[in-house]
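Computed from a predicted structure; not experimentally measured. Residue indices begin at 1 and follow the sequence shown.
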Amino acid sequence: MRINMAQSCAALVLIFGLASVMCKADRKGLHQSATRKIQGHVDDTFRLAAYYGDHMVLQRAPESAILWGYAPIGSYINISFAGAMYSDVANPGMFGPNVGVWKIMLDPQPASGPTSITISCNTTVGAIQKIQLKDVLFGDVWVCSGQSNMQFPVKKVYNATAELKASSQYTNVRVMTISRDNTTTPLYDIRNITLPWSLPSPSSLGGTDYFSAVCWFFGRDLYDAYGVPIGLVESAWGGTRIQVWSPPDVIDKCGDAAKTSKQTVNQTTEEAADDLMGLITPKPPTASSQLWNAMIHPLLNMTIKGAIWYQGEQNTGRPDSYKCLFPNMIASWRDKWHVGSNGQTNAVFPFGFVQLCTSTRPEIGNIGGFPVLRWHQTTDYGYAPNPAMPNVFMATALDLPDLQSTISPVHPRDKQDVGLRLSLAARGIAYGEKSLVYQGPFPTKITVDESQLTILVMYDNIGSDHIKLVGASGFEVCCSFQDTCQANDVWLPLPVLSLTNIYAITLSYDCLMAKPVALRYLWRDYPCTFKDCTVYTEKNNLPALPFVLPLN
């Protein structure tokens with residue numbers, strides 16, 4: 001029976017450059033069409049996009065999951081699932097003279113599974129071919145991207161053997177690793193998968209087909225919090241700058257300072273450290289947008305819950321452009337994912353990131369590019385979300401240094417705390433736990449008492465929690481004869497006089513004849529030893545965030 005594709009259909013805007021529709025059609029008619037036994041040649045172009053497969057997680061309600069793939073042009077595609085039938089026709093695309101593209105949106109599904117999905121193809125020459133997806137879950141799908149600290153595998157973390165052994169109990173968390181690939185033009189499907197959709201186990205997380213430690217611990221901790229299936233898609237490459245992950249419109253918007261090329265970028269110490277871990281083999285591309293083209297753009301048809309990001313070390317040599325690139329990359333990813341998934345992925349989907357730890361050669365007292373990069377990661381607000389970065393959440397790693405790391409201090413092995421902090425922040429922002437303290441303290445008010453030569457720093461952004469003092473002071477004051485801090489002004493370290501109350505500390509200063517005009521905190525490449533910065537929350541032991549703020 002020929003399906004009237006105008007019935008119950010919504011026009012789609014595809015990234016494939018073709019016009020198509022998806023619909024849930026008349027169930028009776030579709031049932032008759034799908035069950036007709038027609039013999040004939042089965043065209044081998046009928047297949048799903050590369051990143052679908054057994055054991056996968058599809059996005060749960062309220063969003064609708066999307067399945068898409070290839071078939072001979074004009075073929076009828078029918079999907080049978082959960083008592084419903086769906087259909088589409090394979091339309092001409094850009095993949096070959098007889099290769100059509102089909103795309104079907106399922107009804108929103110609650111968190112559930114495992115289940116099976118059957119997809120059949122009825123070609124114009126009367127052949128029928130079927131694909132059955134098995135052990136499919138519906139839950140939340142998160143994409144994990146960035147450079148080496150996102151790519152850092154589970155098998156290299158602290159207590160790796162125990163972590164890998166424990167992973168097998170998380171049967172409702174599923175993982176997939178996209179292979180490193182780059183192109184000068186956008187791809188519409190992934191060319192290679194390093195680790196296809198898999199259940200977590202010592203072999204899947206810790207074998208030659210590695211998986212991201214930060215991504216794993218983030219997803220595992222979310223599952224512990226909610227019991228909802230979690231799908232984790234790693235798409236990362238060590239030694240890469242943000243420019244190679246950014247769409248061309250972002251590079252254009254941020255101007256010449258943001259542009260990179262193979263001819264103008266030399267290997268940094270961070271990239272050399274990534275070489276030690278084998279995470280930049282083959283060598284990463286340096287030309288703008290190449291990893292966006294090959295490792296993010298092909299995923300845009302997939303409905304996702306959100307994304308997490310651990311990157312920036314490679315940009316610390318020239319950190320200034322990050323303030324423009326990062327928020328605009330997030331906005332561009334969101335816009336394009338929303339369109340590619342036919343409006344199913346939230347147009348402002350939750351986006352989390354890790355505020356950087358330390359460099360390859362951390363030295364006490366050295367400032368370098370890391371403090372500026374950390375500040376620009378927040379678009380100079382110091383915290384997230386903020387007005388320039390809505391629905392963005394952050395976990396800081398600056399107090400988790402690992403100077404004895406066998407693969408360089410830029411790659412700290414404690415990824416468990418990073419994943420936990422990211423999951424707390426996601427619970428607060430992406431999942432709306434309003435009472436949860438998910439981020440470290442940040443000043444809400446700073447008061448200078450010139451008669452007492454003290455500075456009161458108020459931290460009352462932590463709900464029912466309160467602050468505690470742990471390490472030595474990381475506070476500094478800029479003393480100046482001007483109203484703002486000048487390049488030649490001196491920053492003086494400040495002792496902490498007291499924990500004034502559960503939300504405030506008092507600092508002592510002496511600028512002699514000058515006046516205090518700015519205050520900064522943890523403004524160093526290596527600001528403190530492991531979990532030994534100055535200010536933390538009492539309950540979740542979250543470190544206060546670094547900042548540089550005027551005192552006017």
Consider only side-chain N and O atoms of Q243 and N315, and report whether a donor and an acceptor are under 3.5 Å apart. yes
With a cut-off of under 6.0 Å to the ring centre and 45° to the axis, is K156 in cation-pi contact with Y210? no
Sub-3.5 Å donor-acceptor pair from the side chain of Y536 to the main-chain atoms of D532, do we have one? yes
Parallel, tilted or perpendicular for Y381 and Y383, by the 30°/60° rule? perpendicular
Please tell me if the side chains of W245 and S235 come closer than 4.5 Å, counting only heavy atoms from C-beta onward. yes
Are any side-chain N or O atoms of D460 and backbone N or O atoms of Y503, one a donor and one an acceptor, separated by less than 3.5 Å? no
Is it true that a side-chain atom of H338 and a backbone atom of T345 form a donor plus acceptor pair closer than 3.5 Å? yes
Main chain of T171, side chain of R174: is a donor-acceptor contact present, judged purely on distance under 3.5 Å? yes
Heavy-atom distance under 4.5 Å between the side chains of L299 and I304, does that happen here? no
Are Q344 and E63 linked by a side-chain donor-acceptor pair shorter than 3.5 Å? no
Quick check: do K468 and L499 have side-chain heavy atoms less than 4.5 Å from each other? no
Tell me whether S148 contacts the main-chain N or O of G239 through its side chain, where contact means a donor paired with an acceptor under 3.5 Å. no
Grab the two heavy atoms, one from G146 and one from Q311, that are nearest each other, plus how far apart they are. CA-CB, 3.8 Å
Q59 and K305: side chain to side chain contact (heavy atoms under 4.5 Å, CB included), yes or no, with the steps? CA-CA 7 Å; Q59 183 57 41; K305 173 70 174 180; 3.5 Å; yes
Which atom pair, heavy atoms only, marks the closest approach of R421 to N541? NH2-O, 3.9 Å
Looking at G207, is its backbone amide N or carbonyl O close enough to the side chain of K155 to form a donor-acceptor pair, meaning the two atoms are under 3.5 Å apart? yes
Can you check whether S423's main-chain N or O pairs, donor with acceptor, with D221's side chain at less than 3.5 Å? no
Are there over 12 heavy-atom neighbours, none belonging to K253, within less than 6.0 Å of that residue's NZ? no
Say whether Y438 and N540, considering side chains only, have a donor N or O and an acceptor N or O under 3.5 Å apart. no
If every non-hydrogen atom of K323 is compared with every non-hydrogen atom of D380, which pair is closest and at what distance? NZ-OD2, 3.1 Å
Minimal non-hydrogen separation, A65 against F138, with atom names: CB-CE2, 4.2 Å
Please confirm whether the ring centroid of F152 lies under 6.0 Å from the ring centroid of Y310. no
Could you state the interatomic distance from CG (L398) to CG (L522), rounded to the nearest 0.5 Å? 5.5 Å
Interatomic spacing from CG in D399 to SG in C357 - rounded to 0.5 Å: 8.0 Å
Nearest-0.5 Å distance that lies between atom CZ in R374 and atom CG in D525: 6.5 Å
Would you indicate whether the side-chain heavy atoms of P495 and S508 approach each other to under 4.5 Å? yes
Can a salt bridge be assigned to the pair D402 and R413 using a cut-off of 4.0 Å between side-chain N and carboxylate O? yes
F475 and Y509: side chain to side chain contact (heavy atoms under 4.5 Å, CB included), yes or no, with the steps? CA-CA 10 Å; F475 293 92; Y509 78 91; over 6 Å; no
Count the heavy atoms belonging to other residues, nucleotides or ligands that lie under 6.0 Å from CD of E433, then report whether that count exceeds 12. yes
Is it true that T500 and T506 share a donor-acceptor pair across their side chains at a distance under 3.5 Å? yes
Polar contact flag, side-chain donor to acceptor under 3.5 angstrom, N461-T444: no
Out of curiosity, L403 CG to R361 CZ, how far, rounded to the nearest 0.5 Å? 13.5 Å
Walk me through it: do L519 and L494 pass the test side chain to side chain contact (heavy atoms under 4.5 Å, CB included)? CA-CA 10 Å; L519 183 70; L494 299 184; 3.6 Å; yes
W216: which of V175, V157, L164 passes side-chain contact (heavy atoms from CB on, under 4.5 Å): V175
Value rounded to 0.5 Å, distance of OG1 in T396 from CG in L542: 10.0 Å
Start with the C-alpha distance between S359 and T316, add both sets of side-chain angles, then the distance that settles side chain to side chain contact (heavy atoms under 4.5 Å, CB included), and finish with yes or no. CA-CA 9 Å; S359 70; T316 54; over 6 Å; no
Got a donor-acceptor contact below 3.5 angstrom from the R334 side chain to the F349 backbone? yes
Does the side chain of I251 come within less than 4.5 Å of L325's, by heavy atoms? yes
Hey, does the side chain of W333 reach the backbone of S246 with a donor-acceptor pair shorter than 3.5 angstrom? no
Please check: side-chain N/O of Y51 versus main-chain N/O of M176, any donor-acceptor pairing under 3.5 Å? no
Answer yes or no: is there an ion pair linking E163 with K415, defined by an N-O contact shorter than 4.0 Å? no
Here the pair of heavy atoms bringing V141 nearest to V57 is CG2-O, 3.4 Å
About how many Å separate CD1 of I505 and OG of S498, when rounded to the nearest 0.5 Å? 8.5 Å
Using side-chain heavy atoms (C-beta onward) and a distance below 4.5 Å, is H55 in contact with L199? yes
Heavy-atom closest pair, residues P441 and T537: CD-CG2, 3.6 Å
W142 pairs by ring-ring contact (aromatic ring centres under 6.0 Å, His included) with which of W309, F218, Y223? F218
State, with a plain yes or no, whether a side-chain heavy atom of V244 is found less than 4.5 Å away from one of P284. no
For a 4.5 angstrom cut-off between non-hydrogen side-chain atoms, does D140 reach L222? no
Assess, by modelled atom type and distance only, whether the side chains of S201 and S168 contain a donor and an acceptor separated by less than 3.5 Å. no
